[in-house]
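For reference, the structure discussed in these notes is given below.
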2 protein chains.
Amino acid sequence: MAMTQAVEQRYTKPVLVAINKPLDEEDSLQALRSHAMFRSLRPKDLDSLIQQSRRLRLGHHQLLYRQDMPAHHFFFVISGRLRLYRLDSSGVDRTLDSIAPGDCFAEVMIYADPPRYACYAEALKSSEVLMIPVKAYRDLLDHNPEYAQAALSHYAKRAVTRFHDLEIMTVQNARDRLIRYLIDLLPNGAEEGGEVELPLPKCLVASRLAMQPETFSRILADLKSNGLIRVNRSRLLISDPQRLIAISQ
Amino acid sequence: MAMTQAVEQRYTKPVLVAINKPLDEEDSLQALRSHAMFRSLRPKDLDSLIQQSRRLRLGHHQLLYRQDMPAHHFFFVISGRLRLYRLDSSGVDRTLDSIAPGDCFAEVMIYADPPRYACYAEALKSSEVLMIPVKAYRDLLDHNPEYAQAALSHYAKRAVTRFHDLEIMTVQNARDRLIRYLIDLLPNGAEEGGEVELPLPKCLVASRLAMQPETFSRILADLKSNGLIRVNRSRLLISDPQRLIAISQ
DNA sequence: GCGAACCGTTGAGTTAAGTCAATTGTTCAC
DNA sequence: GTGAACAATTGACTTAACTCAACGGTTCGC
């Protein structure tokens, strides 16, 4: 109960009040210009969209928005890293996604009705995001139907990714879920090994994979002792992905 | 190993060879005309799309497509019910979604590159689907940018739904996952109770929720004995959803 | 530079969920 | 209609994962 109250209290705290910065540094928006949602935009339209947006600086652990809050903006990550999570009625924090520079999030809100954020978003470290008004982007699409193609392609990819995430979570045991997660972190799939960096602190990866931090730690220790991975902080060396997959039966 | 071989053997079996029927029964395509992806299409264009499509009749347990197969078509369910599932390397069957009449599936393949089905699709009972060529729909969008808007709205909704499905799966214990699943089946959310029908046989709901059929059965029996639900075959009566949510802490 | 937080790891004990097996009820094909 | 396959349930047992607790190692604020 005390927990529940704490959660509700958080709803009343103001968010989206971070310091905004002038948007004169063109170079740092290069990534934006090459994102699937924006790269087909005419410079004039993109500039107009950027003009209507605000650049936010977020500190470590700073909350950007809350679940159920009306969603008037979506976001593009310029630098840093964020995570999406939900709180359930008993206050348990469940991590759903992490977002890297060059990615968009909450962009599906463009067509939600009523538009409300489906989760919390917070900075995992000092970060910069571009806060784009949903209405501005929608207007752009409404007046330039040819732009919808690019957005469509991005949205389809997003749906595929979410489907894939769901697929991992239907794996019934913790070890195999973790192995699947690690394989997916490899840039080239399962073909060849490589070093991967966990996109989240270990305790949050655990939460993302629906297991306890202790379980996560034990599985990793076990994989390590079997020579399947090497662990250096949040960097993992996977030398033989095929063997890892074989282990997961 | 024997299992693995069986799986691979299935890959070689021909699919998509069901009997096609003439598309003269206009009435049964009414649902198609009101679907978000098609309702804004001019009659001429919709008719042309339908002309290029084939209507398939699928028998009980008949396979429609296999995971990893090149995806040249997406589908609209006219009648019956289908399920999407994946097989892992050891042959375990994991159910990912069920699809009701009036719904589309594999439609995200329009923008996949290369387009390959991400899972298996099979009929849960005798069903009819419309098999729409990906290329035909893409051409329609390419030549009529104004149509993209409708597709965009549908794709955004799809991404939101998948995100929500993922969210349920990060719930760590089987009972709470099942309760969340049941609540979501209620048409009016958690506000008032009602009777819901499981969209899948119980053993497949269990698979969808990453638990064993025995566990599913035991949890349901327990909820029943606590007066939280009434069970009649695949129909469940949820009289007090709020109490059910409270139980799941 | 020091202590307080926090993160990650490890150990010990407990519990939820999986496994195996037996039984009944249903559905379906012939 | 009958028997074979399958779906669902229940019991007994095992095990994977959770919980609680203690303990190093880092990081961060002062």
Side-chain angles (χ1 to χ4, degrees), chain A residues 59-62 81 83 90-95 122-126 169-179 181 197-225 229-236 247-249, chain B residues 59-62 81 83 88 90-95 98 122-126 169-179 181 197-225 229-236 247-249:
Chain A
H60 184 61
H61 279 151
Q62 190 173 350
R81 189 170 282 274
R83 87 173 163 118
S90 52
V92 177
D93 168 334
R94 288 174 294 123
T95 299
E122 69 160 24
L124 284 169
K125 52 182 172 183
S126 174
M169 296 309 287
T170 61
V171 172
Q172 289 199 27
N173 69 83
R175 161 184 284 246
D176 292 354
R177 273 199 310 277
L178 174 48
I179 290 176
Y181 182 81
E197 172 127 34
L198 296 175
L200 296 160
K202 289 177 182 174
C203 63
L204 295 182
V205 175
S207 152
R208 169 67 183 73
L209 295 174
M211 66 183 78
Q212 295 300 317
E214 294 94 329
T215 303
F216 180 90
S217 179
R218 279 185 247 268
I219 293 171
L220 223 55
D222 183 58
L223 293 179
K224 194 164 60 175
S225 79
I229 58 170
R230 298 197 138 270
V231 183
N232 181 356
R233 308 279 192 133
S234 70
R235 301 194 71 81
L236 311 185
I247 289 290
S248 73
Q249 307 186 18
Chain B
H60 184 62
H61 280 151
Q62 189 173 351
R81 188 170 284 273
R83 85 171 166 121
D88 59 27
S90 51
V92 177
D93 168 333
R94 288 173 295 124
T95 299
S98 71
E122 70 160 23
L124 285 170
K125 50 183 171 183
S126 174
M169 296 308 287
T170 61
V171 172
Q172 288 198 27
N173 68 83
R175 158 183 287 245
D176 292 355
R177 272 198 311 277
L178 174 48
I179 290 177
Y181 182 81
E197 173 125 35
L198 296 176
L200 296 160
K202 289 177 182 174
C203 65
L204 295 181
V205 176
S207 152
R208 169 66 183 75
L209 295 174
M211 66 182 78
Q212 295 301 316
E214 294 93 329
T215 304
F216 180 89
S217 179
R218 279 186 247 268
I219 293 172
L220 223 54
D222 183 58
L223 293 178
K224 195 164 56 174
S225 79
I229 57 170
R230 296 195 139 275
V231 183
N232 181 356
R233 307 280 192 129
S234 69
R235 301 193 71 81
L236 310 184
I247 289 292
S248 75
Q249 305 188 17

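Every value quoted in this text rests on a predicted model; they were computed, and no experiment measured them. Proteins get letters first, then strands, A, B, ... in listed order; numbering begins at 1 in each.
If you measure from atom CG of B/Leu178 to atom P of C/dA16, you get 16 Å, rounded to the nearest angstrom. The distance from atom CG of A/Leu204 to atom P of C/dC6 is 13 Å, rounded to the nearest whole Å. In this entry the distance linking CG of A/Asn173 with C1' of C/dA17 reads 12 Å, nearest Å. Taking atom CG of A/Leu200 as the reference point, atom C1' of C/dC7 lies 14 Å away to the nearest angstrom. Remark: P of C/dC7 and NZ of A/Lys202 are 13 Å apart, rounded to the nearest angstrom. When rounded to the nearest whole Å, the span between CD1 of A/Ile219 and P of C/dT10 equals 13 Å.
The nucleotide range of DNA chain D contacted by chain B, defined by atoms under 4.0 angstrom from heavy atoms of the protein and reported 5' to 3', is D/dA8 to D/dC18.
Side-chain atoms of A/Ser248 never come within 3.5 Å of backbone atoms of A/Ile179 as a donor-acceptor pair (strictly under, hydrogens ignored). Between the side chain of A/Ser126 and the main chain of A/His60, no donor-acceptor pair closer than 3.5 Å is present.
In terms of the salt bridge (Lys or Arg N to Asp or Glu O under 4.0 Å) criterion, residue partners of A/Arg83 (sequence neighbours excluded) are, by chain and number, A/Asp93, A/Glu122. For A/Arg177, there are no salt bridge (Lys or Arg N to Asp or Glu O under 4.0 Å) partners at least two apart in sequence or on another chain. With sequence neighbours excluded, the residues that form a side chain to side chain donor-acceptor pair (under 3.5 Å) with A/Arg235 are A/Glu195, A/Glu197.
Within the model, atoms CG of B/Leu220 and CG of B/Leu178 stand 6.0 Å from one another, a figure rounded to the nearest 0.5 Å. To the nearest 0.5 Å, the span separating CZ on B/Arg208 from SG on B/Cys203 amounts to 14.5 Å. Note that CG of B/Leu236 is 4.5 Å distant from CG of B/Leu198, once rounded to the nearest 0.5 Å. Interatomic distance, B/Arg81 CZ to B/Ser98 OG, rounded to the nearest 0.5 Å: 5.0 Å. Here the OG1 atom belonging to B/Thr215 is positioned 11.0 Å from the CG atom belonging to B/Leu209, to the nearest 0.5 angstrom.
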Side chain to side chain contact (heavy atoms under 4.5 Å, CB included) between B/Leu204 and B/Leu124, worked out: CA-CA 11 Å; B/Leu204 295 181; B/Leu124 285 170; 3.8 Å; yes

B/S/- contact track for nucleotides 19-24 of chain C, protein heavy atom under 4.0 Å: BBB---

Any protein N or O atoms within reach of nucleotides 27-30 of chain C? Criterion: under 3.5 Å, listing atom names and distances.
residue, atom, partner, partner atom, Å
C/dT27, OP1, B/Arg233, NH1, 3.2

